[in-house]
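The next block holds one structure in the form of structure tokens; read it before the comments.
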Number of protein chains: 4
Amino acid sequence: MADLAAVKRTLTEQRIETPSWAYGNSGTRFKVFTQPGVPRNPEEKIADAAAVHRFTGVAPTVALHIPWDKVDDYAALTRYAADLGVGIGAINTNVFQDDDYKLGSVTNPDPGVRRKATDHLLEAIEIMDQTGSQDLKLWFSDGINYPGQDDLRTRQDRLATALRETYDRLGPDQRILLEYKLFEPAFYATDIPDWGTSYAHCIELGERATVCIDTGHHAPGTNIEFIVAFLLRQGRLGAFDFNSRFYADDDLMVGAADPFQLFRIMYEIVRADALSPSQNIAFMLDQCHNIERKIPAIIRSVMNVQEATAKALLVDRDALFAAQRSGDVLEANAVFMDAYNTDVRPLLAEVRADAGLDPDPVAAYKRSGYDEKIIADRVGGNQAGWGA
Amino acid sequence: MADLAAVKRTLTEQRIETPSWAYGNSGTRFKVFTQPGVPRNPEEKIADAAAVHRFTGVAPTVALHIPWDKVDDYAALTRYAADLGVGIGAINTNVFQDDDYKLGSVTNPDPGVRRKATDHLLEAIEIMDQTGSQDLKLWFSDGINYPGQDDLRTRQDRLATALRETYDRLGPDQRILLEYKLFEPAFYATDIPDWGTSYAHCIELGERATVCIDTGHHAPGTNIEFIVAFLLRQGRLGAFDFNSRFYADDDLMVGAADPFQLFRIMYEIVRADALSPSQNIAFMLDQCHNIERKIPAIIRSVMNVQEATAKALLVDRDALFAAQRSGDVLEANAVFMDAYNTDVRPLLAEVRADAGLDPDPVAAYKRSGYDEKIIADRVGGNQAGWGA
Amino acid sequence: MADLAAVKRTLTEQRIETPSWAYGNSGTRFKVFTQPGVPRNPEEKIADAAAVHRFTGVAPTVALHIPWDKVDDYAALTRYAADLGVGIGAINTNVFQDDDYKLGSVTNPDPGVRRKATDHLLEAIEIMDQTGSQDLKLWFSDGINYPGQDDLRTRQDRLATALRETYDRLGPDQRILLEYKLFEPAFYATDIPDWGTSYAHCIELGERATVCIDTGHHAPGTNIEFIVAFLLRQGRLGAFDFNSRFYADDDLMVGAADPFQLFRIMYEIVRADALSPSQNIAFMLDQCHNIERKIPAIIRSVMNVQEATAKALLVDRDALFAAQRSGDVLEANAVFMDAYNTDVRPLLAEVRADAGLDPDPVAAYKRSGYDEKIIADRVGGNQAGWGA
Amino acid sequence: MADLAAVKRTLTEQRIETPSWAYGNSGTRFKVFTQPGVPRNPEEKIADAAAVHRFTGVAPTVALHIPWDKVDDYAALTRYAADLGVGIGAINTNVFQDDDYKLGSVTNPDPGVRRKATDHLLEAIEIMDQTGSQDLKLWFSDGINYPGQDDLRTRQDRLATALRETYDRLGPDQRILLEYKLFEPAFYATDIPDWGTSYAHCIELGERATVCIDTGHHAPGTNIEFIVAFLLRQGRLGAFDFNSRFYADDDLMVGAADPFQLFRIMYEIVRADALSPSQNIAFMLDQCHNIERKIPAIIRSVMNVQEATAKALLVDRDALFAAQRSGDVLEANAVFMDAYNTDVRPLLAEVRADAGLDPDPVAAYKRSGYDEKIIADRVGGNQAGWGA
């Protein structure tokens with residue numbers, strides 16, 4: 001049996017990072033539906049992230065996206081965040097929204113564009129120096145739409161060159177989180193399409209290069225928890241971008257599409273004792289709340305991760321390992337499912353109450369008046385979105 | 001052996017419709033890359049479509065999209081097109097870009113929004129009356145992102161109601177082309193996700209309701225040519241939206257991703273004698289040329305359909321049927337592949353030369369100076385895109 | 001709030017049919033692993049099905065598969081079953097295991113093979129007359145492996161002919177359950193690959209032809225609960241073949257791969273008041289227990305369906321409909337998830353206790369000695385499998 | 001422009017290995033359809049492989065599968081093959097058909113089973129010593145069907161241990177070809193599910209461990225040519241198992257499902273100058289001819305690889321690279337497609353005639369009387385299949 005006190009302690013210590021851009025507008029290629037009260041600048045995004053932390057108690061950092069969160073004074077922004085009770089997390093780079101990047105960024109056939117893109121990565125490290133961030137998140141939309149459009153192998157060479165220059169610029173406490181994605185926006189070949197490609201580059205770069213798993217970036221049928229377990233074994237799992245999907249990179253609330261999958265992922269984390277902050281795995285959300293209110297959606301997402309974690313912690317590992325060793329398929333599965341089928345919401349309510357939080361963060365948020373306030377206050381100006 | 005003269009005659013008579021919106025800007029949720037020379041209004045889109053027809057000889061109509069192609073005087077627009085040598089094809093409706101449609105159009109929980117959406121469909125029929133169009137193309141982005149968000153069955157009732165009202169407004173020579181799509185922009189459930197749903201609604205509506213197959217709108221692994229053959233057997237195949245995809249609704253040039261699949265589709269058309277204009281199947285393109293020059297991409301797409309069609313026509317059906325009847329798997333496949341492996345480009349060059357066209361439409365377009373001219377002329381103003 | 005007494009009553013009345021072949025050996029093309037104690041004849045399969053019913057109380061019928069369950073005297077077999085407390089359910093036909101069926105059964109190019117296959121379907125109806133079965137389950141493995149191998153459209157004509165002859169032979173209380181499957185064993189085109197094809201044939205056949213949904217027979221990403229809701233709306237959902245899958249037709253225990261999906265499916269059933277036996281929807285299992293003990297796996301599967309059903313019944317539909325109507329995405333989803341996240345095992349334990357059953361059917365089965373007994377008794381002879 | 005003489009020389013030197021088991025019976029879990037004339041022992045399989053080589057001229061080796069091709073005297077078998085004009089190629093291991101392997105082989109929870117499985121791998125190396133084979137092909141069906149059934153990470157440890165012992169036993173001219181597969185026969189998690197896992201193990205093992213790409217072993221949408229290009233860049237591509245698929249591991253004739261994909265794969269090979277035998281990439285077939293005559297199907301498959309190779313060699317790489325460098329998407333794609341659209345059958349007919357072969361290998365085989373002879377001769381005895 002799992003030790004309940006230890007489970008609660010672990011749940012209290014869990015940390016989930018929210019992304020600044022999830023507080024802004026987002027949509028599909030067909031339409032971006034705007035919402036009232038959406039932030040108009042990095043400060044307002046941070047304020048929303050702080051609200052999420054206030055109600056959940058486990059979301060003390062917010063990831064920035066450059067240039068969407070570009071400011072003149074990052075030290076001041078960091079202090080602003082600290083005053084609201086949150087810290088700056090990973091710095092996310094953007095080499096996909098300039099006209100120059102139509103045919104790629106660091107893999108572009110044009111050396112001038114590659115230079116520009118790499119410079120942006122270096123600039124992000126400078127921002128990290130100012131914010132104290134340790135994580136440089138790299139996602140490249142680079143790829144091609146048509147067979148023959150560009151040379152697959154040469155693009156890998158270009159990619160390796162840019163990664164090397166970036167890696168060598170990292171400070172001793174900084175690291176790269178290298179993301180992969182099957183497709184979108186590239187529709188024939190993506191330059192880092194799968195974990196294997198990211199892993200191989202990380203191995204070549206050095207110890208401070210790690211893989212970032214976005215749970216929405218895989219081919220249909222991919223067993224994500226296998227990748228989690230494998231990368232943990234290899235010591236190369238750096239971060240998660242949590243979200244959920246039914247089809248492609250849908251970027252829905254994590255746990256909304258397949259809560260059992262999220263449980264299985266969290267179990268591999270627990271199994272490897274990788275939940276502890278000391279293990280330095282960044283658990284981040286990366287979602288788009290296209291049609292639902294953003295802040296309560298993020299609160300719900302944080303809670304979904306907590307619930308999956310709680311269930312994973314409740315797995316009776318002694319009983320599980322015993323059944324596994326004896327080859328008892330049904331019993332091993334039953335022990336595993338017993339934890340999944342447990343309703344952990346009362347346990348999490350206790351954890352929150354113990355931490356001085358409202359046991360129901362969504363209800364508390366609704367009662368708080370924060371939503372009404374931002375709708376009333378944030379009138380005029382340009383709402384933040386993927387363009388800024 | 002196929003009768004070459006008959007093959008050439010059929011190829012000469014083939015008709016492929018191009019979509020006005022493919023001449024405008026398009027992109028992904030990450031970025032719309034603009035291009036110089038892009039049309040700024042419906043007239044310029046029609047001029048580009050006319051250019052495609054001038055060089056290919058088989059693209060005499062252009063589909064409009066309302067409201068992107070909204071004008072005050074559709075009769076004048078139709079005359080303008082006729083003066084350029086093309087006609088107005090299908091009228092495409094748009095009930096996905098107003099803020100009202102965040103939770104759906106004709107299936108929206110709000111009856112007021114449903115009324116508005118249905119009114120738009122009726123308005124499109126009025127435009128058809130003015131342009132002489134016979135085809136009302138209906139694509140609904142309607143769907144939900146989260147389990148429980150709305151009631152799947154009730155949404156079908158709402159959909160049926162709107163379709164009925166629309167159908168009843170059709171003139172005697174007009175028909176509905178009802179499109180289906182697996183996902184995007186809805187990420188959990190789409191209200192018309194597959195051909196079966198579209199077909200069932202068409203059956204209930206009446207004879208002038210037919211299914212439109214967009215070749216990019218299926219789940220991975222779907223055998224599209226089976227659907228083609230089946231709908232032809234049922235007499236309910238109204239139209240194609242041609243494009244190609246590797247992953248989702250990539251909207252690449254038709255034939256670019258899987259030319260063998262396109263051949264198999266065209267074979268089922270040929271097999272059912274459904275190529276003839278008298279059969280009234282609308283062969284339309286629906287593509288996004290996000291990173292390549294648009295007009296030559298559309299010319300290439302038209303040529304790709306022609307090549308697949310030529311190969312399909314070259315299948316030695318007597319030999320094929322004989323091998324099929326005798327259960328000779330390898331021989332039947334070999335007869336089929338023999339046509340596919342034939343290089344039909346010389347044959348099509350002849351067909352073009354016979355029709356007084358340049359045998360190489362892409363080269364002729366490049367030499368024509370049209371591209372340079374539109375880049376020079378179309379300066380200032382707002383480029384057309386999915387927003388307008 | 002759901003009425004708990006009504007929920008318990010509904011759960012008590014639920015009926016789940018188990019398949020005779022799931023008690024026999026099964027495997028993959030790579031290996032069939034045998035198990036001790038596996039039945040050697042139809043009687044022993046029925047005895048196992050009766051054991052499942054004894055411990056679960058909701059599995060009172062067993063489906064037969066002809067010729068695997070061929071006997072001389074079906075009336076005697078029916079009495080034998082009745083003596084053990086179970087009835088004979090659907091009759092499943094098999095037109096895929098004779099050498100004659102290499103290129104298809106009812107769609108075979110050879111009219112002699114088609115005749116033989118159709119005669120088998122008619123023979124199955126005769127068996128139904130003797131067993132009192134009302135359901136004729138038709139699954140056709142028919143299809144082709146290579147493009148061009150046979151004519152897609154002609155095969156539909158042949159299929160329609162065989163279905164018509166079979167339908168016309170049905171007695172007034174008998175019906176057809178027409179299954180569809182994306183692929184396997186056919187690898188290019190299957191003659192009934194999707195629900196739309198099955199539905200279209202059913203419509204043409206008449207009212208007593210209905211669609212059977214096997215939950216493992218879809219393309220990746222298919223929204224199965226949508227199909228459930230749609231077919232219920234059309235009045236054409238006849239049956240389920242429950243199982244679960246991660247990749248293809250894995251035939252794992254239902255609820256093992258995606259319990260949330262099973263809940264969503266059962267919700268659509270509950271939503272349409274289609275759970276009641278009077279609605280005549282056959283809830284059947286169709287699984288392969290390749291590596292786990294078969295009887296407890298089937299007991300677990302029955303329990304998984306019960307748990308998903310209980311959760312579906314607990315959905316607060318008044319609150320859900322209100323949230324849906326008001327367009328509150330997060331609240332509607334939350335109401336839905338609240339039921340899913342409930343631990344219904346105590347409720348089901350009560351339902352069982354009220355019915356005089358052990359609240360833990362798996363434990364009760366283990367204690368019963370049945371497993372040891374069949375292992376000891378069933379020595380010698382030929383174990384039943386897919387070959388017999 | 002490609003140098004035609006060089007192209008022909010390269011095509012003449014191409015080598016494609018055929019698998020002994022493709023000459024025997026195979027099928028699906030539903031049925032193995034037998035064929036007349038199927039080999040009954042390793043010698044007859046080798047005779048069939050020699051026939052394929054006689055008519056194609058490019059299939060001079062045959063892969064063995066142990067224990068299906070177990071003999072007392074491998075030196076004698078090698079001489080027998082040599083007398084027929086062919087050599088012994090890769091040795092394939094089988095650790096999936098003993099009852100012991102129900103829960104895995106080298107990853108089985110039972111150390112005794114792991115020992116037995118590893119011993120089989122070592123035995124295969126002994127056979128290699130006797131046959132002179134250089135390639136040890138390892139495919140593990142190992143995996144689990146249910147979440148929780150066994151520990152994902154521990155299974156990797158067990159796998160690494162067995163691989164290490166096997167690798168250390170290799171002779172200096174021997175190497176491991178480590179295959180991966182998404183699923184089947186395991187239905188929840190496979191222990192080597194993707195190229196990344198295989199690659200990571202190979203890196204840890206040493207230089208003589210390389211990845212084997214089976215073209216049917218990927219998730220839907222996977223870009224296989226990307227993997228080819230990437231592994232070539234990393235120097236870790238050891239071999240191909242060619243076949244084709246529409247859905248899962250269909251094992252159809254290579255080039256039958258997506259000939260354009262095969263061309264793209266071969267282009268990456270050509271692009272990396274990896275076609276030459278000196279590069280030591282093993283191009284092998286791994287197919288199941290379930291319903292078609294086996295020998296002509298294998299001849300056709302060899303020809304399909306040749307045709308894709310010829311097209312890849314015809315790509316005008318100077319023009320392609322120039323278009324790629326200049327960012328001309330349409331031109332680069334057009335250069336690429338120009339080669340694909342070429343009918344290379346006349347060129348290959350010339351290559352064959354130059355080599356003293358019949359230009360049409362399938363027709364020559366049919367005329368040869370070999371098929372009739374094996375049907376007449378191979379009567380009685382047990383036909384070879386996956387069981388032996």
Side-chain angles (χ1 to χ4, degrees), chain C residues 26-35 94-104 139 141 143-149 181-190 193 216 219-221 243-253 256-259 288-292 297 300 385-387, chain D residues 26-35 94-104 139 141 143-149 181-190 193 216 219-221 243-253 256-259 288-292 297 300 385-387:
Chain C
S26 62
T28 70
R29 62 175 167 148
F30 294 101
K31 171 74 175 173
V32 173
F33 294 104
T34 60
Q35 294 189 12
N94 178 325
V95 284
F96 55 86
Q97 282 195 321
D98 280 7
D99 283 331
D100 280 337
Y101 299 142
K102 189 168 77 165
L103 302 181
W139 173 62
S141 70
I144 59 180
N145 276 7
Y146 290 101
Q149 176 188 326
K181 185 176 185 182
L182 179 66
F183 80 100
E184 194 211 21
F187 290 131
Y188 160 57
T190 298
N243 51 56
S244 73
R245 54 80 70 99
F246 287 94
Y247 303 99
D249 187 28
D250 306 344
D251 281 332
L252 301 174
M253 296 188 297
D258 189 348
C288 294
H289 308 290
N290 296 345
I291 61 169
E292 67 272 21
R300 171 64 62 199
W386 283 20
Chain D
S26 62
T28 70
R29 62 173 167 149
F30 294 101
K31 170 74 175 173
V32 174
F33 294 104
T34 61
Q35 294 188 12
N94 177 325
V95 284
F96 54 87
Q97 283 195 320
D98 280 6
D99 283 331
D100 280 338
Y101 297 143
K102 189 167 77 167
L103 302 180
W139 172 62
S141 70
I144 58 180
N145 277 6
Y146 290 101
Q149 177 188 325
K181 185 176 185 182
L182 179 66
F183 80 101
E184 195 213 19
F187 290 130
Y188 161 57
T190 297
N243 50 57
S244 71
R245 53 79 72 98
F246 289 94
Y247 303 100
D249 188 27
D250 306 344
D251 282 332
L252 302 174
M253 297 189 295
D258 189 347
C288 293
H289 307 291
N290 296 345
I291 61 169
E292 67 272 21
R300 170 66 59 197
W386 282 21

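Proteins come first, then strands; the chains are lettered A, B, ... in the order of their sequence lines, and each starts at number 1. Quick caveat: nothing in here was measured; it's all calculated off a predicted structure. Hydrogens, waters and symmetry mates are skipped; everything else that's a heavy atom, side chains included, is used.
With rounding to the nearest 0.5 Å, the separation of CD in E184(C) from CG in D250(D) is 9.5 Å. Atoms OG1 and CZ, on T28(C) and F96(D) in that order, are 9.0 Å from each other to the nearest 0.5 Å. One finds the OH atom of Y101(C) at 16.0 Å from the CZ atom of F30(D) (value rounded to the nearest 0.5 Å).
Heavy atoms closer than 4.5 Å to chain C are found in the side chain of P220(D), but not in its backbone. If you measure heavy-atom distances from L182(D) to chain C, the contacts under 4.5 Å come from both the backbone and the side chain. Proximity to chain D is absent for every atom of D100(C), based on heavy atoms less than 4.5 angstrom apart.
Listed options T34(D), N290(D), D98(D) were ranked by heavy-atom pairs under 4.5 angstrom with chain C; first place goes to D98(D). Counting heavy-atom pairs under 4.5 Å between each of V32(C), N94(C), D99(C) and chain D puts D99(C) at the top.
In this structure, the ring of F246(D) has its center less than 6.0 angstrom from the ring center of Y188(C).
A donor-acceptor pair is defined here as one N or O able to donate and one able to accept, closer than 3.5 Å; such a pair exists between the side chain of Y146(D) and the backbone of M253(C).
The two residues I291(D) and K102(C) make their nearest non-hydrogen contact at O-NZ, 3.5 Å.
The aromatic rings of Y247(C) and F183(D) sit parallel, their planes meeting at an angle under 30°, below the 60° perpendicular limit.
Here the side chains of R29(C) and D251(D) are in contact, with some heavy-atom distance below 4.5 Å.
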